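Fair warning: this is a prediction, and the values are worked out from it, not measured in the lab.
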Amino acid sequence: MSFRRESVLIDLALQGGGSHGAFTWGVLDRLLEEPWLRIEAISGTSAGAMNAAVLADGWIAGGAEGARAALDAYWQRVSRAAAFSPLQRSPLDRLLGRWALDTSPAYVAMDLMTRVLSPYDLNPLGINPLRSILDESIDFERIARSPIKLFVTATNVHTGRGRIFRNAEITADVLLASACLPTMFQAVEIDGEPYWDGGYAGNPTITPLIRESDSIDTILVQINPRERVETPRSASEILNRLNEISFNSPLMKELRMMAVLREAADPGSGEGARWAKMRTHRILTDMLAGLGASSKLNAEWEFVTMLKNEGRKSTEEFLAASGDDIGRRSTADLSVLLAEC
């Protein structure tokens, strides 16, 4: 691609997935090196929301380079905090080169306890180590005036519906709510309402990008495997697969709607027509499907930087194969979703 290429307005849709969000860090790091890509808006859930907020804040401080530096600093803080966590790989995991925590005594104990005790029993004070990291990493008052529109999804516990938080509403509580796994953390209360992980309602939510952004090109960074070849057999594998299916379901519904309207002879006018003309692109890797579910709690520096490098590599491959199509045509084939209707 030529450095003289005209700029293209894009939106980003960032999935959540614990420390696997470091893959998204690598994707963003590489995309920010392309001056012709202008980010209009970002929709993010859980780790995707945190990456989005850090990027938007860093952008105000120093443009693309400021955003890259802010993301680097955020993941360094996450990794430093993880070094003091009891959730560490066992000697066996390290010996076999596994990134999962399946044989970690602390992880096994926590996994068993969360099946019979709630976080209100295990963590009555509601302590979340990510809070101090977010407060140190993000100036939330600055995010309110960021030129990049942010849309963060959290799930209302009472109604089961997703709520979209926008720039001026985003706080550390909002980001923690978007990443609040109900078996591990107490629901986060915002405006008198309790919220859980946004993945149950939208991982991420595409609708605000359609309605409130001028861009018609959306790059989806997908870190939750949609398909798995092997049938899960252990309790942890079954639970992980259930979470993957439930966390992917809202996104698939929105993409399927887009595909249906695109195939329609007359998609109508207004919002329907806008859904139909949206151009979609995906960046993903098969590597994440090979990592155990417990590895989402592993934030060792060596692990997250490996995921970052994989994100950069996958993005480099995407840009080489499909970069020239951005701003011209979709590169994600959504028609395959119609067969599932």
Side-chain angles (χ1 to χ4, degrees), residues 14-26 28-29 44-58 61 67-91 93-94 98-102 104-111 113-114 119 122-140 143 152 154 170-186 188 197-199 223 288 291-311:
L14 311 180
Q15 282 197 322
S19 66
H20 291 188
F23 171 81
T24 303
W25 167 30
L28 299 176
D29 189 69
T45 297
S46 191
M50 295 180 188
N51 275 321
V54 171
L55 184 154
D57 182 43
R68 294 179 66 202
L71 285 165
D72 286 355
Y74 167 75
W75 281 100
Q76 287 172 10
R77 292 186 182 107
V78 169
S79 184
R80 283 198 297 268
F84 296 97
S85 168
L87 298 177
Q88 302 290 334
R89 284 189 296 160
S90 70
D93 287 327
R94 295 177 187 275
R98 297 186 305 214
W99 294 109
L101 306 176
D102 294 341
S104 164
Y107 174 79
V108 172
M110 183 199 72
D111 187 45
M113 286 191 294
T114 56
L122 296 172
N123 185 9
L125 297 179
I127 297 172
N128 190 324
L130 274 176
R131 181 179 297 277
S132 60
I133 295 174
L134 292 173
D135 287 337
E136 187 178 356
S137 302
I138 301 171
D139 183 335
F140 291 98
I143 278 184
V152 172
I170 295 174
T171 62
D173 277 341
V174 167
L175 296 180
L176 292 175
S178 184
C180 179
L181 292 174
T183 58
M184 294 184 65
F185 299 104
Q186 296 182 22
V188 180
D197 196 296
I223 60 177
L288 292 175
L291 297 173
S294 63
S295 68
K296 294 178 181 179
L297 299 176
N298 182 357
E300 293 176 50
W301 183 245
E302 186 181 358
F303 182 51
V304 295
T305 52
M306 181 192 74
L307 291 175
K308 176 194 178 183
N309 291 335
E310 180 67 17

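Considering only heavy atoms from C-beta on, Gln76 comes within 4.5 Å of Trp301 through its side chain. Within the 4.5 Å cutoff, side-chain heavy atoms of Ile138 are placed close to those of Leu175. Between Thr24 and Gln15, every side-chain heavy-atom pair lies at or beyond the 4.5 Å cut-off. In this structure, the side chains of Thr171 and Leu134 stay at 4.5 Å or more apart for every pair of heavy atoms. Considering only heavy atoms from C-beta on, Leu14 stays 4.5 Å or farther from Ile223 through its side chain. Contact check for Leu291 versus Phe303: side-chain heavy atoms found under the 4.5 Å cut-off. In this structure, Glu302 and Trp99 have side chains that are in contact, with non-hydrogen atoms separated by less than 4.5 Å. Using a 4.5 Å heavy-atom threshold, the side chains of Val78 and Val304 count as separate.
Of all the heavy atoms in Pro86 and Ala106, the pair that sits closest is O-CB, 3.2 Å. Of all heavy-atom pairs spanning Ala49 and Ser178, the tightest one is CB-OG, 3.9 Å. When all heavy atoms are compared, the tightest approach of Leu130 to Met50 is CD1-CE, 3.9 Å. Scanning all heavy atoms of the two residues, the minimum distance from Leu297 to Tyr107 falls at CD1-CE1, 3.8 Å. Of all the heavy atoms in Gln186 and Cys180, the pair that sits closest is O-SG, 3.2 Å. In this structure, Ala47 and Gly18 approach most closely via the heavy-atom pair CB-O, 3.5 Å.
Contacts of Asp29 classified as salt bridge (Lys or Arg N to Asp or Glu O under 4.0 Å), with partners at least two apart in sequence or in another chain: Arg68, Arg312. Checked against side-chain hydrogen bond (donor to acceptor under 3.5 Å, both in side chains), Glu310 has the following partners two or more places apart in sequence or in another chain: Thr285. Residues forming a salt bridge (Lys or Arg N to Asp or Glu O under 4.0 Å) with Asp57 (at least two apart in sequence, or on another chain): Arg142.
Distance check: Phe140 CZ to Ile170 CD1 gives 8.5 Å after rounding to the nearest 0.5 Å. Rounding to the nearest 0.5 Å places CE of Met184 at 10.0 Å from CG of Asp111. Summarising the geometry, atom OG1 belonging to Thr183 is positioned 10.0 Å from atom CG belonging to Asp197; distances are rounded to the nearest 0.5 Å.
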side-chain contact (heavy atoms from CB on, under 4.5 Å) evaluation trace for Lys308 with Asp72: CA-CA 10 Å; Lys308 176 194 178 183; Asp72 286 355; 3.4 Å; yes

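Checked by atom type and distance alone, the side chain of Thr45 never pairs as donor or acceptor with a backbone atom of Gly199 at under 3.5 Å. Between the side chain of Ser104 and the main chain of Arg89, no donor-acceptor pair closer than 3.5 Å is present.
Under the 30°/60° scheme for interplanar angles, the aromatic rings of Trp75 and Trp25 are found to lie parallel.
No option in Ser90, Ser294, Ser295 other than Ser294 meets the side chain to side chain donor-acceptor pair (under 3.5 Å) test with Asp102.
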